[in-house]
Amino acid sequence: MSKTTWTKIEEILSGNKKDKEVHLRGWIYRTRSSGNIVFITMRDATGILQATVKKGNLPDSEFEDGKKALIESSIELTGKVKEDKRAPGGYELQVTKLNVINFAEPFPIVKDQSPEFLLDQRHLWLRSRKLASILKIRSTVVGAIHTFFRDRGFYEFDAPVLQPNQCEGGSTLFEVKYYNDKTYLSQSWQLYAEAGIFSLEKIYNMGPTFRAEKSKTSRHLSEFWMAEMEAAWMDLHDIVEVGKDEIRFILKQILKNNKNELEILEQDYKKLKQISESEFPTITYTEAINILNEKEGMNIKWGKDLRTLEENKLADYFNTPVAVTNYPVEIMAFYKPRDPKDPKTALCFDMIAPEGYGEIIGGSQRNLDVEDMKKRLKAMGEPVENYKWYFDLRRFGSVPHAGYGLGVERVVAWICGIDNIKDTIPFPRTLLRFRP
RNA sequence: GCCGUCUUAGCUCAGUUGGUGGAGCUCUCGGCUGUUAACCGAGUGGUCGCCGGUUCGAGUCCGGCAGACGGCGCCA
């Protein structure tokens, strides 16, 4: 006996299986019955397809099973593919064999949904077309990042998730018991990456990052995935260009692989295509302030960080992501060096996404001045002795180097055009939620 | 840390001046041979977030607590 060949729904919708008999397996997406005919819209990972189950075309017991199986029941169907204008997608399956693998209980997620309820039912809501489309795009983004860096000679380099030091500020650390000691979940790969470049020169990494920020916004997660790069011999200008190339590369991969998903999410393909072919502007913080004050009628004092409102105004002013460099050095982390040409500012940059999706990349050249870093760590109240190994990197063949981190979820949210970052990750962790 | 909104059926919500808790959807049963989150008829389903107070009487008024959601700050 030959093994059953299972067909995926996308093959049928492409027209390849017209008038052929196929075997399908998946889940009931919608079902309607009308006397002696039952319409089962079935889904698998690749799409949805209408199946017509008519009494007489299959054994009566199977017809009755089809009639009573509820949404999300898992099923196997056999039948002939017919072109039919009345069916969504233009093709339907005329069922001759129906096997219910599992009769689902009444599915809790129905037409009316609140965000809170959907988060409680996250494990079930993952099956929705919306979430499935976003997760497919996320998968492309993650794959694109690996390809982008590997194609350019970067090695993947892993840092510990349990780290003794802070990197981005002590108040945002998740503390973890470590035998009789304590440690913290990684806030950044960066400090370890700075050790790695002396071995591999160009490295990247993508992994979970934990920040206990008390942020309740549509742009923040307590656990998110950051894609970071670090490279010896590169300066600020070099990494800004790498960042722009990376964004464009990700977009091109999405446009190539996820046209269907963008359609389901009602995202504008042309708009993304245009951005993927654009040059992104680089401006300094000072220029950004001037644009905001002169062109947007705002009144921002030099020296304050750009807030959400200002970033959004700036994003509106350009239609592409924009790189902002040279923020005031006082508001920056200790590892960001002063710009010798403009000592009030740091050799750092943020990439701001269009349409209010905020900072998608943050990076800098790295500080080589140990005394300066010690001074700034002390000012923050950080124990300098914890950074002894890090300062060693400046003692044994120190070189100019730079790196940045890209927020995977923010990029996915921007590409998908969705209003909350929570939907870009299967099980979001936020200030107030860590279940399911 | 600051500010705001919400909490009534499995889901989404309405509930008038304080007077025996409702609708739609889901689900169950019946009908229907082309439906598009179908339609028609019937039915099941309630600790009105919790605690206390006022009152003859509280979903409704008052006080407290809890939870959820969102905005700002901070960040990717």
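Chain identifiers are assigned alphabetically (A, B, ...) following the order of the sequence lines, protein sequences preceding nucleic acid strands; residue numbering begins at 1 within each chain.
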With rounding to whole Å, what would you report as the distance between [N] and [M] at their [atom1] atoms?
{"N": "A76(B)", "M": "G63(B)", "atom1": "P", "answer": "43 Å"}
{"N": "A9(B)", "M": "A23(B)", "atom1": "P", "answer": "14 Å"}
{"N": "C48(B)", "M": "U8(B)", "atom1": "C1'", "answer": "4 Å"}
{"N": "U54(B)", "M": "G15(B)", "atom1": "P", "answer": "28 Å"}
{"N": "U5(B)", "M": "G46(B)", "atom1": "C1'", "answer": "25 Å"}
{"N": "C61(B)", "M": "C3(B)", "atom1": "C1'", "answer": "26 Å"}
{"N": "G71(B)", "M": "U35(B)", "atom1": "P", "answer": "43 Å"}

Look at [X] together with [Y] and state whether they make a salt bridge at an N to O cut-off of under 4.0 Å.
{"X": "E359(A)", "Y": "R219(A)", "answer": "no"}
{"X": "E355(A)", "Y": "K271(A)", "answer": "yes"}
{"X": "K244(A)", "Y": "E241(A)", "answer": "yes"}
{"X": "E92(A)", "Y": "K85(A)", "answer": "no"}

Under 3.5 Å, is there a donor on one side chain and an acceptor on the other for [X] and [Y]?
{"X": "N258(A)", "Y": "T140(A)", "result": "yes"}
{"X": "S364(A)", "Y": "R366(A)", "result": "yes"}
{"X": "N326(A)", "Y": "D342(A)", "result": "no"}

(message) Applying the side-chain contact (heavy atoms from CB on, under 4.5 Å) criterion to P428(A), which one of I421(A), L119(A), D423(A) satisfies it?
(response) L119(A)
(message) Whole angstroms only, please: what is the NE2-P distance between H220(A) and C69(B)?
(response) 16 Å
(request) Identify whether a stacking contact exists between F224(A) and A76(B), where the ring centres must be under 5.5 Å apart and the planes under 30° apart. (result) yes
(request) Please test Y204(A) against H146(A) for side-chain contact (heavy atoms from CB on, under 4.5 Å), starting from the C-alpha separation and ending with a verdict. (result) CA-CA 8 Å; Y204(A) 81 100; H146(A) 282 290; 2.7 Å; yes
(request) Under the salt bridge (Lys or Arg N to Asp or Glu O under 4.0 Å) rule, collect the residues that match up with K68(A), sequence neighbours excluded. (result) D65(A)
(message) Within 45 degrees of the ring normal and closer than 6.0 Å to the centroid, is that where the cationic atom of R248(A) sits relative to F280(A)?
(response) yes
(request) Determine, for F148(A) and R152(A), whether the Lys NZ or Arg CZ falls below 6.0 Å from the six-membered ring centre while staying within 45 degrees of the axis. (result) yes
(message) For RNA chain B, report each stem as range with range, ordered by first number, or say none. Use Watson-Crick or G-U wobble pairs under 3.5 Å, at least 3 in a row.
(response) B:1-7 with B:66-72, B:10-13 with B:22-25, B:27-31 with B:39-43, B:49-53 with B:61-65
(message) Can you list, in residue-number order, the parts of residues 358-367 of chain A that come under 4.0 Å of RNA chain B, counting heavy atoms only?
(response) E359(A), I360(A), I361(A), G362(A)
(request) Would you sort out whether W302(A) and Y285(A) count as a ring pair (Phe, Tyr, Trp, His ring centres under 6.0 Å), showing the intermediate values? (result) CA-CA 9 Å; W302(A) 198 97; Y285(A) 165 86; 5.5 Å; yes
[N] base / [X] side chain donor-acceptor hit below 3.5 Å:
{"X": "R433(A)", "N": "C69(B)", "result": "no"}
{"X": "K54(A)", "N": "G34(B)", "result": "yes"}
{"X": "E92(A)", "N": "G34(B)", "result": "yes"}

Are there any protein N/O atoms within less than 3.5 Å of an N/O atom in nucleotides 1-6 of chain B, and if so, which ones and at what distance?
{"unit_1": "G1(B)", "atom_1": "O6", "unit_2": "K214(A)", "atom_2": "O", "d": "3.2"}

(message) Return a single string for nucleotides 23-31 of chain B, one symbol per nucleotide in 5' to 3' order, where B is base contact, S is sugar-phosphate-only contact and - is none, cutoff 4.0 angstrom on heavy atoms.
(response) -B-SSS---
(request) Nearest-nucleotide wise, let me know which of E311(A) and S114(A) is further upstream toward the 5' end of RNA chain B. (result) S114(A)
(request) Could you say whether I37(A) or P108(A) is positioned toward the 5' end of RNA chain B, judged by the nucleotide with the nearest heavy atom to each? (result) P108(A)
For residues 27-41 of chain A, tabulate all N or O donor-acceptor pairs below 3.5 Å that involve a side-chain atom, not counting sequence neighbours.
{"unit_1": "R32(A)", "atom_1": "NH2", "unit_2": "Q50(A)", "atom_2": "OE1", "d": "3.4"}

(message) By the 4.0 Å heavy-atom rule, please label N420(A) as base, sugar-phosphate, or nothing.
(response) sugar-phosphate
(request) Check whether any side-chain nitrogen or oxygen of S218(A) sits under 4.0 Å from OP1 or OP2 of G70(B), and answer yes or no. (result) no
